Amino acid sequence: MRLATVLLASLLASSAYGKPISVELGKEFRLKKGEVAAIAGTKATLRIVKFINSPCPKGAYCIWSGLAVITELTVDGKVVPPDPKTFPY
């Protein structure tokens with residue numbers, strides 16, 4: 001399974017791991033929980049808030065086993081609310 005390619009959060013936000021990591025659009029990168037990526041040339045950042053893993057219980061027949069990455073997107077210092085139609089999956 002492929003991890004999220006572009007992750008953003010506030011340029012002013014600080015992460016548990018220090019300064020935001022500078023990344024370029026179109027380039028793949030990885031973040032850990034709490035880390036922040038700052039998109040070069042923009043005023044946008046993304047912070048990894050948490051990971052959700054809801055595997056299929058043993059012995060059950062599941063159509064979908066879930067894995068989600070909860071992020072916080074910030075643009076121009078303002079948090080962009082998630083889309084309720086797709087949040088968290």
Side-chain angles (χ1 to χ4, degrees):
M1 184 182 287
R2 187 174 163 168
L3 292 175
T5 303
V6 178
L7 306 176
L8 313 170
S10 173
L11 290 173
L12 302 174
S14 62
S15 73
Y17 297 92
K19 291 184 178 183
I21 298 166
S22 181
V23 299
E24 294 180 38
L25 285 174
K27 303 281 184 168
E28 189 169 320
F29 62 94
R30 293 178 186 229
L31 292 176
K32 296 177 183 174
K33 181 179 173 183
E35 286 185 320
V36 176
I39 304 301
T42 72
K43 295 180 181 180
T45 62
L46 187 77
R47 180 173 66 92
I48 300 293
V49 175
K50 72 178 187 175
F51 298 97
I52 297 174
N53 183 13
S54 57
C56 187
K58 187 175 182 176
Y61 178 75
C62 295
I63 295 172
W64 177 308
S65 179
L67 177 63
V69 180
I70 307 301
T71 59
E72 179 182 79
L73 173 64
T74 306
V75 179
D76 290 327
K78 297 178 184 172
V79 175
V80 177
D83 182 348
K85 296 176 188 170
T86 59
F87 184 79
Y89 295 101

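Numbering starts at 1 and runs along the sequence shown. Not measured: the values here are computed from a predicted model.
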**Request:** Evaluate the criterion side chain to side chain contact (heavy atoms under 4.5 Å, CB included) for residue pair Ile21 and Val36; output intermediate values, then yes/no.
**Result:** CA-CA 6 Å; Ile21 298 166; Val36 176; over 6 Å; no
**Residue pair Ile39 / Val23, side-chain heavy-atom distance below 4.5 Å** = yes
**Asked** What is the minimum heavy-atom distance between Tyr61 and Cys56, and which atoms define it?
**Response** C-SG, 4.3 Å
**Asked** If you measure from NZ on Lys43 to OG1 on Thr74, what distance do you get to the nearest 0.5 Å?
**Response** 14.0 Å
**Complete:** Applying side chain to side chain contact (heavy atoms under 4.5 Å, CB included) to Pro57 and not counting sequence neighbours gives Ala60, Cys62
**Request:** Answer yes or no: is there a side-chain heavy-atom contact under 4.5 Å between Ile48 and Lys50?
**Result:** no
**Asked** Taking a hydrophobic cluster as the set of Ile, Leu, Val, Met, Phe, Trp and Tyr residues connected by side-chain heavy atoms closer than 4.5 Å, whether directly or through intermediates, do Leu25 and Leu31 fall within one such cluster?
**Response** yes
**Asked** Between Asn53 and Pro55, which heavy-atom pair has the shortest distance, and what is it?
**Response** O-CD, 3.3 Å
**Item:** For the student: nearest non-hydrogen atoms of Val49 and Thr71, plus distance
**Value:** CG2-C, 3.9 Å
